[in-house]
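The analysis underlying the following values was restricted to heavy atoms, covering all of them including side chains, and did not include hydrogens, waters or symmetry mates. Labels below follow one simple rule: chain letters A, B, ... track the order of the sequence lines, proteins then strands, and each chain is numbered from 1.
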Number of protein chains: 2
Amino acid sequence: MGQQKKIPDIVIKRLPIYYRFLTNLHQMGISRVSSSDLGKKMGITSSQVRQDFFNFGSFGLQGYGYDVEQLRQEIGNILGLNKQRTMIIIGAGHLGQALARHSAFEKEGYSVIGVFDINPHLVGTKIRDIEIMHVNRISQFCKENKVDIAVITVPRTYAKDVADLVISLGIKGIWNFTSVKLSVPDNVAVENIHLSDSLMTLGYYVKLLQEKEEEEKAKEKEE
Amino acid sequence: MGQQKKIPDIVIKRLPIYYRFLTNLHQMGISRVSSSDLGKKMGITSSQVRQDFFNFGSFGLQGYGYDVEQLRQEIGNILGLNKQRTMIIIGAGHLGQALARHSAFEKEGYSVIGVFDINPHLVGTKIRDIEIMHVNRISQFCKENKVDIAVITVPRTYAKDVADLVISLGIKGIWNFTSVKLSVPDNVAVENIHLSDSLMTLGYYVKLLQEKEEEEKAKEKEE
DNA sequence: GATTATATGTTAAAGTTTTCACAGAATTGA
DNA sequence: TCAATTCTGTGAAAACTTTAACATATAATC
């Protein structure tokens with residue numbers, strides 16, 4: 001059957017946020033939540049919460065709300081968190097290593113099973129219990145192991161080549177930390193973490209706020 | 001006068017992307033570009049490009065297009081890249097250290113001037129030429145130095161306290177790498193990098209694609 | 001057990017963002 | 001120099017997203 005109707009990307013982007021808040025509630029021992037409670041915590045309207053869930057079916061009970069643990073599981077299933085997934089990291093620079101050491105992903109079912117670099121000083125050393133291998137072994141590695149996601153943390157000049165390589169090896173997901181826009185066939189998914197973009201956006205708002213504050217100070221002085 | 005009319009956030013989010021592509025063009029020695037060329041490179045329509053710029057005025061020339069370097073400067077000015085900005089990093093774990101070592105930000109005018117942690121093994125050691133200081137010195141540091149942005153890379157349990165502290169010290173921008181939703185007064189800007197959220201979103205699409213592929217394979221076999 | 005309060009699922013309206021369409025300015029080429 | 005082409009700026013339409021509204025189901029209370 002497949003997907004009945006295309007779920008908007010923007011809704012999918014919110015699922016992990018719901019999941020995060022539901023996990024918090026669960027850990028706090030709260031077993032029941034209404035769309036308006038959840039919305040308030042997340043900073044969105046209750047309508048949006050209900051509308052979002054409505055895309056997938058009905059998880060709640062009128063007059064009661066949602067069972068936290070059940071809803072969390074439902075969203076987890078939609079996101080595929082019930083299944084273990086594997087990642088390789090290509091580029092063992094500062095960022096690549098930090099990600100390899102970041103244990104939080106494992107809890108959600110994502111485990112790093114290989115790290116690759118071209119730097120001969122790095123190749124052969126270990127991160128946690130994973131040996132860093134030379135990039136020219138990626139191909140073989142992917143034939144011997146099922147790899148779901150490739151994390152690209154190489155310098156921008158190599159990004160395209162690395163992406164093309166992992167796509168040719170049948171990897172369906174790319175987590176791109178370079179500032180390069182990757183053009184991929186539509187049977188491959190890309191999620192970008194554009195750090196510089198995010199920082200510049202923040203810079204814009206900071207500028208705005210600082211200017212506003214100065215204006216206000218100037219005004220106060222006038223009076 | 002201040003902002004005439006509120007520019008949509010979604011437009012602001014695209015400005016760094018324009019900036020990035022214009023920098024690329026400039027580096028490739030291309031001095032002229034049309035909205036449709038730029039749009040094609042970026043994967044958006046020419047209409048959107050023109051509509052976005054229209055929010056700020058008119059930067060182009062009919063029948064010609066845009067001067068790459070001039071447009072780049074205009075967008076840089078809107079983003080405030082003409083001014084130097086300072087950052088402190090709170091939390092010198094793997095991610096915090098990776099960010100401190102990430103030299104790319106400096107090119108865009110963002111420089112890390114302080115790194116803080118509570119781990120006594122880290123305090124006193126150096127990242128590049130910056131000494132890691134104990135968190136209890138943040139307050140003094142911010143009085144002696146103008147800090148524009150605080151980068152929060154502490155464990156999630158400390159996130160709120162750190163945010164409250166830096167807000168109380170007058171910092172107007174928070175770059176939040178924790179999975180905590182920070183509630184801040186509206187004279188403070190927050191940009192979030194939610195790595196887990198991004199990874200889960202990617203996981204959803206990978207699941208979808210893998211399922212689709214399996215379906216197709218099964219179909220092929222049938223025939 | 002009946003009544004009141006609560007909160008979902010769902011449709012419709014409002015608001016936002018993207019795309020379309022085109023007049024007219026500037027360039028290009030003959 | 002003139003005609004043809006290009007391409008912006010801009011208003012309007014279309015598409016998408018969020019919010020509002022409400023019938024109805026369930027829980028809580030008396």
Side-chain angles (χ1 to χ4, degrees), chain A residues 3-18 21-22 25 30-75 78 181 197 201 204, chain B residues 3-18 21-22 25 30-75 78 181 197 201 204:
Chain A
Q3 205 69 50
Q4 210 65 20
K5 219 170 94 193
K6 214 259 182 190
I7 312 285
D9 287 350
I10 201 154
V11 173
I12 301 301
K13 267 217 158 56
R14 271 193 298 266
L15 292 182
I17 310 180
Y18 289 119
F21 278 85
L22 289 166
L25 288 173
I30 295 166
S31 64
R32 170 186 169 177
V33 73
S34 69
S35 59
S36 73
D37 286 351
L38 189 54
K40 247 172 233 158
K41 277 192 191 300
M42 295 177 55
I44 61 180
T45 63
S46 61
S47 280
Q48 182 155 65
V49 173
R50 293 199 301 279
Q51 195 68 268
D52 279 351
F53 297 163
F54 182 51
N55 283 286
F56 300 98
S58 53
F59 305 140
L61 204 59
Q62 285 175 311
Y64 176 88
Y66 303 87
D67 179 273
V68 169
E69 186 49 16
Q70 185 208 321
L71 182 57
R72 182 171 163 273
Q73 293 249 346
E74 293 276 13
I75 294 175
I78 294 168
K181 180 187 162 56
D197 290 6
T201 303
Y204 171 85
Chain B
Q3 207 67 49
Q4 210 64 21
K5 219 170 92 192
K6 215 261 182 188
I7 311 287
D9 287 351
I10 200 153
V11 173
I12 301 301
K13 266 217 159 54
R14 274 195 295 267
L15 293 181
I17 311 180
Y18 289 119
F21 278 85
L22 289 166
L25 288 172
I30 295 166
S31 64
R32 170 185 169 178
V33 73
S34 69
S35 60
S36 73
D37 284 351
L38 188 54
K40 249 172 233 159
K41 278 191 193 299
M42 294 177 56
I44 60 179
T45 63
S46 61
S47 282
Q48 184 157 63
V49 174
R50 293 199 301 280
Q51 196 68 265
D52 279 351
F53 297 163
F54 183 51
N55 283 286
F56 301 97
S58 53
F59 305 140
L61 205 58
Q62 284 175 310
Y64 176 89
Y66 302 88
D67 179 274
V68 169
E69 186 49 17
Q70 185 209 320
L71 181 57
R72 183 170 163 275
Q73 294 250 346
E74 294 275 13
I75 294 175
I78 294 167
K181 179 186 162 59
D197 290 6
T201 303
Y204 171 84

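With a 4.5 Å cut-off on side-chain heavy atoms, B/I75 and B/F56 do not count as touching. Using a 4.5 Å cut-off on side-chain heavy atoms (C-beta onward), A/I78 and A/Y18 make no contact. Proximity of A/Y66 to A/L22: side-chain heavy atoms (C-beta onward) are nowhere separated by under 4.5 Å. Using a 4.5 Å heavy-atom cutoff, the side chains of B/V49 and B/I44 are in contact. Put simply, the side chain of A/L15 does not reach to within 4.5 Å of the side chain of B/T201, judged on heavy atoms.
Here B/K41 pairs with B/F21, B/L25 under the side chain to side chain contact (heavy atoms under 4.5 Å, CB included) rule; sequence neighbours left out.
Mapping B/G57 and A/P8 onto DNA chain D by nearest heavy atom places B/G57 closer to the 5' end of the strand.
Residues from residues 63-71 of chain A placing a heavy atom under 4.0 Å of any atom in DNA chain C, listed by number, are A/G63, A/Y64, A/G65, A/Y66. Contacts between residues 37-53 of chain A and DNA chain D, defined by a heavy-atom separation below 4.0 Å, involve A/T45, A/S47, A/Q48, A/R50, A/Q51, listed by number.
Where DNA chain D meets chain A (any atom under 4.0 Å from a heavy atom), the bounding nucleotides read 5' to 3' are D/dT17 to D/dA28. Here the range on DNA chain C touched by chain A, meaning any atom under 4.0 Å from one of its heavy atoms, is C/dT6 to C/dA12.
Separating the CZ atom in B/F54 from the CD atom in B/Q48 is a distance of 15.0 Å, to the nearest 0.5 Å. To the nearest 0.5 Å, the span separating NZ on A/K40 from OG on A/S35 amounts to 10.0 Å.
Nucleic acid contact class of A/S35 (heavy atoms, under 4.0 Å, all strands): sugar-phosphate only.
Between the side chain of B/R32 and the backbone N or O of B/G65 there is no donor-acceptor pair closer than 3.5 Å.
Across every non-hydrogen atom of A/N55 and A/I7, the tightest pair is O-CD1, 3.7 Å. Across B/D9 and B/K6, no two heavy atoms sit closer than the pair OD1-NZ, 2.8 Å.
Judged as a salt bridge (charged side-chain N to carboxylate O under 4.0 Å, His left out), the pairs with a partner in residues 50-75 of chain A (not counting sequence neighbours) are, in order, A/R14-A/D52, A/E69-A/R72.
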